[in-house]
2 protein chains.
Amino acid sequence: MNDQVPVGERVAETLRRRITEGHLAPGTQLRDVALAAELGVARHTLRSALRLLEYEGLLTYQMHKGVIVKTLSTLDVREIYRVRRTLELSAIEHSALVTEADLSRLDATVRAAELALAGQEWNRVGTASLRFHQALVALLGSSTFDQLFRGVLAQLRLAFALMPDEQTWQSPWISRDREICDLVCGGGRDSAKALLWQYLDDSERGVLDVVRRNGTEVPKSNQPNSVRQVPTGVRQEV
Amino acid sequence: MNDQVPVGERVAETLRRRITEGHLAPGTQLRDVALAAELGVARHTLRSALRLLEYEGLLTYQMHKGVIVKTLSTLDVREIYRVRRTLELSAIEHSALVTEADLSRLDATVRAAELALAGQEWNRVGTASLRFHQALVALLGSSTFDQLFRGVLAQLRLAFALMPDEQTWQSPWISRDREICDLVCGGGRDSAKALLWQYLDDSERGVLDVVRRNGTEVPKSNQPNSVRQVPTGVRQEV
DNA sequence: CAACCTAGGATTGTGGAACAATCTGCGTCA
DNA sequence: TGACGCAGATTGTTCCACAATCCTAGGTTG
């Protein structure tokens with residue numbers, strides 16, 4: 001009946017997929033008139049979709065210069081992991097209060113990741129792992145955090161897209177996911193927190209490496225006016 | 001130079017103020033063509049501002065029915081406090097790692113609140129108290145959380161606007177803010193967390209009461225989908 | 001008299017064209 | 001070489017149009 005979704009949001013969804021699946025590389029400039037034509041929507045509609053994705057942190061706006069797919073800076077990566085640490089560790093603490101069903105749902109996500117790994121469906125492994133962490137945060141029972149975390153993980157994929165070989169990067173994490181999951185489900189929350197802390201540290205280091213490596217090889221011309229990266233594009237004024 | 005802000009965001013800012021300061025009561029329907037005329041911007045521009053505020057949780061969209069200023073449900077309130085608990089408690093934990101300057105900034109916000117209280121500037125007391133909690137979350141050092149929290153507090157003001165007498169509601173919290181602040185600054189983090197937990201529980205209960213009381217008095221006409229038409233606190237001057 | 005149906009107006013959702021503001025690149029001139 | 005300026009391109013915003021949907025009043029029917 002009333003659950004129809006505005007065109008703008010559907011457009012945002014397809015663009016989000018294109019970006020997070022790596023079809024639109026970071027730094028790509030999106031020309032609105034062309035994109036609108038390609039997607040068969042009006043310029044306004046497309047722009048509203050772009051605003052949404054900017055709010056989610058996937059795009060970077062610059063007045064009168066247009067939008068580009070966000071290229072993560074090292075600051076952005078640190079910010080992402082700051083959020084991850086806060087939310088995921090809080091979630092583990094909070095896991096003392098959740099139901100058995102919640103925990104089994106959590107376990108299911110890890111099992112899915114293990115299946116993808118065993119089946120050597122490499123491109124799914126990363127997604128499955130992220131889904132475990134999403135399920136972890138979901139233990140907090142907060143739709144706000146769920147939404148926020150979805151955006152953060154989407155940003156993280158911007159970095160994954162730069163990985164030289166996703167396969168060797170993604171594989172080692174699954175067993176650590178399993179350890180953490182078992183500890184959470186078994187009530188070993190403090191150990192789980194310690195493991196997760198280490199996990200996030202290692203992960204952050206890896207992502208930072210890639211971003212740094214990729215950031216330094218800036219192709220010639222654009223040093224001077226390189227994109228003003230206000231960490232989240234938010235105007236602070238209190 | 002380059003820091004110009006799009007018209008849409010400025011419009012969003014003025015609307016945000018009108019809402020959080022209570023000039024636009026919850027439930028008020030916003031007719032886009034009228035509002036656009038009043039604010040002197042195009043309909044598209046206004047709509048983009050509305051989308052932003054919807055994303056922030058201050059407005060509620062319904063396809064083909066328009067936007068209304070969000071009326072907090074009890075679920076919304078619980079969600080707000082879930083977020084507050086997670087972020088503020090995490091912030092206290094994190095306060096072990098922040099600088100002396102950060103802590104003194106925190107202290108300054110409480111002092112400001114105390115001044116407002118002493119000066120009997122009641123309408124400022126609430127804002128000042130919220131600013132303390134904002135500063136607390138800022139200890140996490142995450143712009144993402146800062147932005148999120150700003151939106152959450154804005155939503156909370158939707159409930160404050162319903163308070164029968166803000167004065168007696170707001171006053172008692174300041175001394176508790178002071179206690180918490182002192183404990184955080186003095187390193188008594190566990191005690192601070194306990195106090196804050198109690199604080200948030202009490203606060204949540206109070207807000208829930210108001211929301212419930214206000215939600216049940218559905219005025220006579222029980223039409224399912226009717227939106228309460230507050231006579232519009234907006235000055236028309238077309 | 002009540003319940004259902006219908007038509008018309010009102011409001012929203014989206015599209016399209018136009019114009020002003022600004023950026024960018026290139027050629028000119030010193 | 002380097003500064004200047006101009007023209008094309010792209011964005012930001014406005015105005016207008018129209019289809020889709022909702023809402024309401026009023027009429028019809030049982």
Side-chain angles (χ1 to χ4, degrees), chain A residues 1-15 27-55 59-70 219-228 233 235, chain B residues 1-15 27-55 59-70 220-232 234 236 238:
Chain A
M1 319 286 276
N2 232 344
D3 51 339
Q4 24 187 339
V5 57
V7 179
E9 294 194 20
R10 234 174 348 205
V11 171
E13 177 55 34
T14 78
L15 286 180
T28 307
Q29 177 139 188
L30 303 181
R31 235 84 37 49
D32 60 5
V33 54
L35 249 190
E38 185 199 329
L39 297 176
V41 299
R43 209 149 75 94
H44 285 297
T45 309
L46 177 84
R47 287 175 126 267
S48 104
L50 295 183
R51 292 298 278 296
L52 248 182
L53 296 180
E54 180 209 9
Y55 202 92
L59 299 179
T60 303
Y61 249 88
Q62 268 190 301
M63 194 63 163
H64 286 126
K65 292 233 205 125
V67 276
I68 64 175
V69 180
K70 182 161 186 170
K220 50 198 166 179
S221 63
N222 44 357
Q223 218 36 300
N225 238 349
S226 83
V227 181
R228 208 166 43 98
R235 335 244 170 228
Chain B
M1 316 258 119
N2 229 345
D3 51 338
Q4 28 188 338
V5 56
V7 179
E9 293 195 21
R10 231 169 357 201
V11 171
E13 178 55 33
T14 80
L15 286 180
T28 307
Q29 175 138 190
L30 303 180
R31 237 64 76 21
D32 59 5
V33 53
L35 249 191
E38 186 204 326
L39 297 176
V41 299
R43 210 151 75 91
H44 281 299
T45 308
L46 178 85
R47 287 174 128 268
S48 102
L50 295 182
R51 291 296 281 291
L52 246 182
L53 296 180
E54 181 210 9
Y55 205 90
L59 299 179
T60 303
Y61 250 89
Q62 270 186 301
M63 193 64 163
H64 288 280
K65 294 231 205 127
V67 275
I68 63 176
V69 179
K70 183 161 187 171
K220 48 197 164 182
S221 64
N222 237 352
Q223 289 135 357
N225 248 342
S226 100
V227 173
R228 254 173 5 104
Q229 262 289 34
V230 181
T232 183
V234 186
Q236 284 292 39
V238 177

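Sequence lines set the chain letters: A, B, ... in the order given, protein chains first and strands last, and positions in each chain run from 1.
- Applying the ring-ring contact (aromatic ring centres under 6.0 Å, His included) test to pairs two or more places apart or on separate chains, those with a residue in residues 31-53 of chain A are A:His44-B:His44.
- Rounded to a whole Å, the CG atom of A:Leu50 is 14 Å from the P atom of D:dT13.
- The salt bridge (charged side-chain N to carboxylate O under 4.0 Å, His left out) search around A:Arg43 returns A:Asp32, not counting sequence neighbours.
- Every residue meeting the side-chain hydrogen bond (donor to acceptor under 3.5 Å, both in side chains) condition with A:Glu38, not counting sequence neighbours, appears here in chain and number order: A:Arg18.
- A donor-acceptor contact under 3.5 Å is formed by the side chain of A:His44 with the base of C:dG16.
- The distance from atom CZ of B:Arg51 to atom P of C:dT12 is 14 Å, rounded to the nearest whole Å.
- Residues meeting the side-chain hydrogen bond (donor to acceptor under 3.5 Å, both in side chains) test with B:Glu54, sequence neighbours left out: none.
- A:Val7 is linked by a side-chain contact (heavy atoms from CB on, under 4.5 Å) to A:Arg10, A:Val11, A:Val41, A:Thr45, counting only residues two or more places apart in sequence or in another chain.
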Between the protein and nucleotides 7-11 of chain D, list the N/O to N/O atom pairs that are separated by less than 3.5 angstrom.
unit_1: D:dT11; atom_1: OP2; unit_2: A:Asp32; atom_2: OD1; d: 2.8

